[in-house]
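Have a look at the structure below before the remarks.
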Amino acid sequence: MTNVEAPVEASHDETVLCGHVAALRYSVRPAKGAEVGSEPEPGIVAVELRHIRLPMKDVFRSAIGVRDVKEALIIGVVGEDGTIGYGECSARTDPYYSYEYVDSIRLTLQRFFSDEMIGSTAGEALRGLARSRVRGWPFARAALEEAVCDWNARALGENGDEASGLHLAVGATLSVPTDVSTLAESMESRFEAGYERVRIKAHVDVDWPGILAVLRVFSENRRCIAMDFNGSLDPTSDRCDEVLDQIAEALDPAFVFIEQPYAPESLLATARLRRRGYPIPISLDESIDTIDTLEVALELGAIDVCNIKVGRVGGPARAAAMARWCVDHGLRAHVGGMFETGIGRWSTARQAGALLPGSCHDFTVPGDYLEHDVVHDSLLLDKAARAVRLDDRPVRVDAEALAGATMREWSSAGSSEADRV
């Protein structure tokens, strides 16, 4: 890769990548027919970006915003033989969850990452990503890393995932309740379908007495529940304190946790909440983007559970390092999703199975929220097993559906960008 100032010794990021990509069984080794003494390994000839739009089955509300469509950036890494590896950028279309959003990531990939991929083998591309001079941009890095790993796996003729054949427990996520009368039915239907946990998006201005009356029944029946505030609570607000106290009084802490109550940078406020003896476990999502921030949160006493978002932390290698750190330090952890299409959801599920096979992970299967998908074989929930079953088949992308969902496309092999109406 041409644009990288390579230090004499491997950087910390490169060490993390080389040490942990193997944990996912994304083997960065010569492709078939490229043994020692034969022709060189195939290289990347193009990077393709597609901005797609898919209708959702229902309007989804969170403290961050409201959506009724799923927009995503799909990355294609094209090899010399025409093989395409796919990755999905799981960022939102607005900067309300992270400073990265789809349009900004598209421009960043075009200007600072795509040219460095051209001519690289899979191993060279991954090492180049780990040692890039670009600071930040974890969602962009993650999508490109996943595409390179998928391209490498397809070149090998296999995915070779350690997670193949595993049954993985997962939890569903529900929108902020606007009608308490239907909440119990919505939750029960998810548990009946085979989900092990139901996570409810929440904010302070809802009918908390009504919601907690419903949740108390599930808690008493030993059903696992989570409430995700997406950092919307104000630690200086008496009303927010009142809501947290009502939750603690109503629910059994053995079967519930609260996710990201305060803003991502408010680790001290979260630590103070726990230090005053708050009984409900606290899960952190947006606050944790590196092992350093994870270590700070644990040192402060601000975390009980870590929600590892592969995109948010910068890709499979960094997610693997974070998962291992959690295991080594006895911290509960699971992998979370961001309402990806089948491309991203399969990738997320396989990584969850390889990294933390015993956890219950937070991602709804795409068929429960998308009107239609861009893959032939969408991830399915096995009701009898109460889990999704993972396999080692490469994701079969539905080229016609992908093309039909594409609003804008760009390729490093061309000089212009095409928009579709």
**OP:** Would you mind reporting whether Val204 and Leu233 have side-chain heavy atoms less than 4.5 Å apart?
**Re:** yes
Original post:
Side chain of Ser132, backbone of Leu129: donor and acceptor closer than 3.5 Å?
Top reply: no
Subject >> Exam field: side chain Thr293 to backbone Asp289, donor-acceptor pair closer than 3.5 Å >> reply: yes
**OP:** Show your reasoning for whether salt bridge (Lys or Arg N to Asp or Glu O under 4.0 Å) applies to Asp68 and Arg61.
**Re:** CA-CA 9 Å; Asp68 59 3; Arg61 295 176 175 85; over 6 Å; no
Subject >> Donor-acceptor contact present, side-chain Glu100 to main-chain Phe139, <3.5 Å >> reply: yes
Original post:
Near Arg276 CZ, under 6.0 Å, is it more than 12 heavy atoms from other residues, nucleotides or ligands?
Top reply: yes
**OP:** Go through Arg332 and Asp304 one step at a time and tell me if the salt bridge (Lys or Arg N to Asp or Glu O under 4.0 Å) criterion holds.
**Re:** CA-CA 7 Å; Arg332 289 167 56 190; Asp304 298 291; over 6 Å; no
**OP:** Would you check if Asp252 and Phe255 make a side-chain contact, meaning some heavy-atom pair closer than 4.5 Å?
**Re:** yes
**OP:** Report the C-alpha distance between Phe60 and Tyr369 in whole Å, list the side-chain angles of each, state the deciding distance to 0.1 Å, and finish with yes or no for ring pair (Phe, Tyr, Trp, His ring centres under 6.0 Å).
**Re:** CA-CA 9 Å; Phe60 187 84; Tyr369 55 86; 8.6 Å; no
Original post:
Between Glu124 and Arg127, does a salt bridge (Lys or Arg N to Asp or Glu O under 4.0 Å) hold up when you go through it step by step?
Top reply: CA-CA 5 Å; Glu124 290 168 347; Arg127 284 189 290 273; 5.4 Å; no
Original post:
Would one find more than 12 heavy atoms of other residues, nucleotides or ligands at under 6.0 Å from atom CD of Glu299?
Top reply: no
**OP:** Please find out if less than 6.0 Å separates the ring center of Trp346 from that of Tyr86.
**Re:** no
Original post:
Counting only N and O atoms by type, is there a donor-acceptor contact under 3.5 Å from the side chain of Ser62 to the main-chain atoms of Lys201?
Top reply: no
**OP:** Could you tell me whether Glu371 and Lys57 make a salt bridge, using a distance below 4.0 angstrom between a side-chain N and a carboxylate O?
**Re:** no
Subject >> Smallest separation among heavy atoms of Ser120 and Trp151, with atom names >> reply: O-CH2, 4.2 Å
Subject >> Face-on cation placement of Arg386 at Tyr195 ring, 6.0 Å and 45° thresholds >> reply: no
Subject >> Tyr101 atom OH, neighbour heavy-atom count above 12 within 6.0 Å >> reply: no
**OP:** Could you check if a side-chain atom of Gln351 sits within less than 4.5 angstrom of a side-chain atom of Glu146, using non-hydrogen atoms only?
**Re:** yes
Original post:
Any side-chain heavy-atom pair from Asp362 and Arg197 closer than 4.5 angstrom?
Top reply: yes
Subject >> Tyr96 atom OH, neighbour heavy-atom count above 12 within 6.0 Å >> reply: no
Subject >> Stepwise ring pair (Phe, Tyr, Trp, His ring centres under 6.0 Å) test for Phe363 and Phe339 >> reply: CA-CA 7 Å; Phe363 43 82; Phe339 290 96; over 10 Å; no
Subject >> Ser287 side chain near Gln260 side chain, heavy-atom distance below 4.5 Å >> reply: yes
**OP:** May I have the step-by-step check of salt bridge (Lys or Arg N to Asp or Glu O under 4.0 Å) for Arg312 and Glu286, ending in yes or no?
**Re:** CA-CA 8 Å; Arg312 190 194 69 243; Glu286 292 97 317; over 6 Å; no
